[in-house]
S.K.: 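To start, I am sharing the structure in question, which I have written as structure tokens.
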Amino acid sequence: MAKSRTVSAPSNATAFGAARSAYAALGVDVEAALATLANTPISLHCWQGDDVGGFEKPDATLSGGGIQATGNYPGKARTLDQLRGDLDLVYKLLPGRHRLNLHAIYADFAGKAVDRDAIEPRHFASWVDWAKARGLHGLDFNPSCFSHPLATDGTLSHPDAAVRDFWIDHCTAARRIGASFGKTFGTRTVTNVWIPDGSKDTPFDRAAPRARLAASLDRVFAEKLNAKHHLDAVESKLFGIGAESYTAGSHEFYLGYALTRGNLAYCLDAGHFHPTESLADKISSVLQFTPALLLHVSRGVRWDSDHVVTCDDATRAIFEELVRGGFLGRTAIGLDYFDASINRLAAWVIGTRAAQKALLTALLEPAARLRAAEQAGDHALRLALFEESRALPLGLVWDEFCRRHNVPAGLAFMDEIKTYERKVLSRR
Ligand code: RNT
Ligand code: ZN
């Protein structure tokens, strides 16, 4: 019988030490990268937990707006308490301190619902308490201009002034709620306006809805709020299902709007452009001229499908741009996807950790050497450095980051999600 031989795996510390040396050999300071990663909050979108339904009424579902959650995986959150319970586990599985991005339809009306034009900070007080108790970095906010009887044929660009007024009041109320969050947490809340207004078939008049939209937005943003704790953002889009031919709030529309109205951030959603366009390439253009950027990190598969974010080339390129350009301080990072076909907590955790890993990849680039090669015109060396970076031991550094933040490294987070699925989700 052959003598058995035990091959012992290197201890975590040894493996991480080796990884750190591999990066150091290329001039990369791993500890500095980990410090920046720890200080970069990501705003988790509350709407992944219930397929963008919200809790205005029982069994509310997403309608209109050219956005769709597909899939019917069991266990979706049907109450605020369920959503919060799900989020509790999600945050436990994420290294670092993060934010929560709320939509107006997630108000806590405690049995006394008001229409969207009348929402107030008090309707979100229980969210504030919840987020504070968990030590979240802060809350972000969004008016919900969809899934409503008055949103079927447009909102802020609607031809009927009464309908526009309703949505202007809603967005105005939403900004006040966002500002109240910022004040309470002492961190900057982003309130982002996205509207679905558009048309399925070719319109005759593309201009008039845009003129109405600009006038409505001017009224929404008329009230000055404390810029120290609050930032307004506007989100453009190319098309949606049911709005294939025209979107009033296009890229050119909102970029022009943000640039001419002063202190607005522009929101770039990774699913809102032609599939062959690079979102990453837009960042350094937009930030030449706007004070701030909001990112909706998402993964559009052939269209704005809002698949779970992965650490793919497109996502890495986004974070590389933020790091290379020194733009992290001027960028609010939010996630925006909703996959109802898999465990929704897993979707949240996998997507957020993927975004964090993409940021870590960017922070671990051999930046100094890449810059030097480029400046010297040595494009072969630049290419070699890019290729070398791909094979560096990112996973070992990521695992170390998770360990330092007391969250499961590697795949272990899936065990906790599966247990929760068995104990909680399957009983819903
Ligand atoms: C829709 C936009 C918008 C929404 C959320 C729910 O295409 O991306 O950001 O996904 O507000
Ligand atoms: Zn978005």
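Everything quoted here is computed from the prediction, not taken from an experiment. Just so you know, ligand 1 is whichever comes first in the structure, and atom 1 is the first atom listed for that ligand.
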S.K.: Centroid-to-centroid, F146 to H103, below 6.0 Å?
M.R.: yes
S.K.: Report yes if some heavy atom in the side chain of D165 is under 4.5 Å from a heavy atom in the side chain of R219; otherwise report no.
M.R.: yes
S.K.: Are side-chain N/O atoms of W47 and D336 paired as donor and acceptor at under 3.5 Å?
M.R.: yes
S.K.: Could you give all pairs that pass the salt bridge (charged side-chain N to carboxylate O under 4.0 Å, His left out) test and reach residues 36-58, with sequence neighbours left out?
M.R.: D51-R344, E56-R116
S.K.: With 2.8 Å as the limit, jot down which protein N, O or S atoms are around the Zn ion (ligand 2).
M.R.: E235 OE2, D269 OD2, H296 ND1, D336 OD2
S.K.: Is it true that H158 and F166 have ring centroids separated by less than 6.0 Å?
M.R.: no
S.K.: Are the charged groups of R20 and E31 less than 4.0 angstrom apart, N to O?
M.R.: yes
S.K.: Do any side-chain atoms of residues 92-100 form donor-acceptor pairs under 3.5 angstrom with protein atoms, and if so which ones, sequence neighbours left out?
M.R.:
| unit_1 | atom_1 | unit_2 | atom_2 | d |
| --- | --- | --- | --- | --- |
| R97 | NE | G135 | O | 2.8 |
| R97 | NH2 | L136 | O | 3.4 |
| H98 | ND1 | I42 | N | 3.0 |
| H98 | NE2 | P95 | O | 2.8 |
| H98 | NE2 | Q356 | NE2 | 3.4 |
| R99 | NE | D140 | OD2 | 2.9 |
| R99 | NH1 | H137 | ND1 | 2.9 |
| R99 | NH1 | T187 | OG1 | 3.0 |
| R99 | NH2 | L139 | O | 3.1 |
| R99 | NH2 | D140 | OD1 | 3.1 |
| R99 | NH2 | R188 | O | 3.0 |

S.K.: Under a strict 4.0 Å criterion on non-hydrogen atoms, which protein residues are in contact with ligand 1?
M.R.: W47, I67, H103, W194, E235, K237, D269, H272, H296, D304, D336, F338
S.K.: Taking D197 for its side chain and T155 for its backbone only, find out whether a donor-acceptor pair lies under 3.5 Å.
M.R.: yes
S.K.: State plainly whether the residues E387 and R390 are in salt-bridge range, i.e. N to O under 4.0 Å.
M.R.: yes
